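For reference, the structure is listed below as C-alpha cells.
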Amino acid sequence: KTRTVVKQAARNRRPARARLRIQHVEGHYLHMEVSVSPLFNEIEELYGFVLSSRDITQQVLTEETLKDSENQFRSIIEATPLGIHMYTLDENNTLIFSGYNPAACTILDFDHAPLIGKQILEAFPSLTDTDIPEAYRSVALNGSFWNQNQVAYQNGDVKGVYAVQAFQYAPGKMVAMFEDIT
C-alpha cells in the first residue's frame, strides 16, 4: 500500500497519505499513517520523496471504541418504546429539531423526517400556546430537568395525553422522551 501512495504522490505531484495496518516483529499489529511528499528540482523533475510515518494505533482504537459506542447508543434509541425528540440550540438560542426515534413516529402517528432542521414551532406548531418551547430551551441552556404531562388537543378535543421528560445530554443539546398515557 505504501507503493500505491508513492505512485499517487508522483502522479498527482502533491503529498499523499494513507493508513496501514502492519504486523510488528513481536507479532502484534500497529496502525500507521504514512505521508509521502514528492520532491522536484528547479525544472520540475521528480527526483525523490520524503516519507514519514507515525503510529496511530491508539487513535484508531479510540475511533473504533467511539464507533462501537455510537452504534450501541443508536441501537438503544431505536429500540426504546419511548418516543424521543432531540433538539439543538443554534447561534441565536433557537431550538432546532435535530433527531427522533422510530417510536416517536409510531406514538404521534406521522413521519418526523421532514422536520429535521426546523425550528421547534415550525416543526410542531401545536406547541405554540404551551410552555414547552421555553422549558426545552431552558433545559438545553442550563442542563435542568423538566417533566410534565402534556395534553394534546385537536379541534378543541383531547387528542392524547403524554408524559414528557426532558434533559440536556450535551451543552446546547437536549432530548425529550415521551409516552402516550391517554
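Quantities reported herein were computed from a predicted structural model and do not represent experimental measurements. These values consider heavy atoms only, across backbone and side chains, with no hydrogens, waters or symmetry-generated copies.
In this structure, Ile132 is not a member of the same hydrophobic cluster as Ile96, with clusters built from ILVMFWY side-chain heavy atoms closer than 4.5 Å. Leu61 and Ile22 are members of different hydrophobic clusters when ILVMFWY side chains are connected at heavy-atom separations under 4.5 Å. Criterion: ILVMFWY side-chain heavy atoms under 4.5 Å apart, direct or through other members. Under it, Ile181 and Leu127 are not part of a common hydrophobic cluster. If you chain together hydrophobic residues whose side chains sit under 4.5 Å apart, Leu20 and Leu30 fall into the same group. Val60 and Leu66 are not part of a single hydrophobic cluster, where members link through side-chain heavy atoms under 4.5 Å apart.
If you take CD on Gln165 and CG on Leu82, they are separated by 8.0 Å, rounding to the nearest 0.5 Å. In this structure, Ile120 CD1 and Phe97 CZ are separated by 9.5 Å, a value rounded to the nearest 0.5 Å. Taking OG of Ser138 as the reference point, atom CG of Asp131 lies at 11.0 Å (rounded to 0.5 Å). Taken to the nearest 0.5 Å, the CD atom of Glu70 stands 11.0 Å off from the OG1 atom of Thr65. Rounded to the nearest 0.5 Å, atoms OG1 (Thr88) and CG (Leu95) are 8.5 Å apart. Considering NE2 of His112 and NZ of Lys118, their distance stands at 12.0 Å, rounded to 0.5 Å.
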side-chain contact (heavy atoms from CB on, under 4.5 Å) evaluation trace for Tyr162 with Val151: CA-CA 6 Å; Tyr162 304 94; Val151 179; over 6 Å; no
task: Decide side-chain contact (heavy atoms from CB on, under 4.5 Å) for Val6 and Phe49; before the verdict, give the C-alpha distance in whole Å, the side-chain angles of both, and the deciding distance to 0.1 Å.
output: CA-CA 8 Å; Val6 169; Phe49 298 93; 3.6 Å; yes
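With a 4.5 Å cut-off on side-chain heavy atoms, Val164 and Trp146 count as touching. You'll find the side chain of Val50 stays beyond 4.5 Å of the side chain of Val36, heavy atoms only. Taking the side chain as every heavy atom from C-beta outward, Tyr87 and Lys173 never approach each other to under 4.5 Å. Arg19 places a side-chain heavy atom less than 4.5 Å from the side chain of Ile56. Between Asn147 and Phe167, every side-chain heavy-atom pair lies at or beyond the 4.5 Å cut-off. Phe73 is not listed as a side-chain neighbour of Ser75, based on a closest heavy-atom distance of 4.5 Å or more. Here the side chains of Arg17 and Gln8 are not in contact, with every heavy-atom distance at 4.5 Å or above.
More than 12 non-hydrogen atoms from other residues, nucleotides or ligands lie less than 6.0 angstrom from CZ of Arg13. Counting non-hydrogen atoms of neighbouring residues, nucleotides and ligands closer than 6.0 angstrom, the NZ atom of Lys159 reaches no more than 12 such neighbours. Atom CG of Asp109 is surrounded by 12 or fewer heavy atoms from other residues, nucleotides or ligands within 6.0 Å. Atom CG of Asp129 is surrounded by 12 or fewer heavy atoms from other residues, nucleotides or ligands within 6.0 Å.
Looking only at atom types and distance, the side chain of Thr57 has a donor-acceptor partner in the side chain of Asp55 under 3.5 Å away.
When the options Asp111, Ile77, Ile84 are evaluated for a side chain to side chain contact (heavy atoms under 4.5 Å, CB included) with Tyr100, the one that passes is Asp111.
Looking at every heavy atom in both residues, Val34 comes nearest to Ser53 through CG2-CB, 4.2 Å. Taking every heavy atom of both residues into account, Gln59 and Arg54 meet most closely at OE1-NH2, 4.0 Å. Nearest heavy-atom pair across Pro81 and Ala103 is O-CB, 3.6 Å. Between Pro125 and Glu122, the shortest heavy-atom distance links the atoms CD-O, 3.8 Å. In this structure, Ala140 and Gln168 approach most closely via the heavy-atom pair O-NE2, 2.7 Å. What you find for Pro133 and Thr130 is that their closest heavy atoms are CD-OG1, 3.5 Å.
Partners of Asn41 by side-chain contact (heavy atoms from CB on, under 4.5 Å), not counting sequence neighbours, listed by chain and number: Ile43, Glu45, Tyr47. Thr94 meets the side-chain hydrogen bond (donor to acceptor under 3.5 Å, both in side chains) test with no other residue; sequence neighbours excluded.
Aromatic ring centroids of His85 and Phe124 lie under 6.0 Å apart. Residues His31 and Tyr29 keep their aromatic ring centres 6.0 Å or farther apart.
Side-chain atoms of Thr62 come within 3.5 Å of backbone atoms of Gln58 as a donor-acceptor pair (strictly under, hydrogens ignored). Side-chain N or O atoms of Asn142 include none that pairs as donor or acceptor with a backbone N or O of Ser144 at under 3.5 Å.
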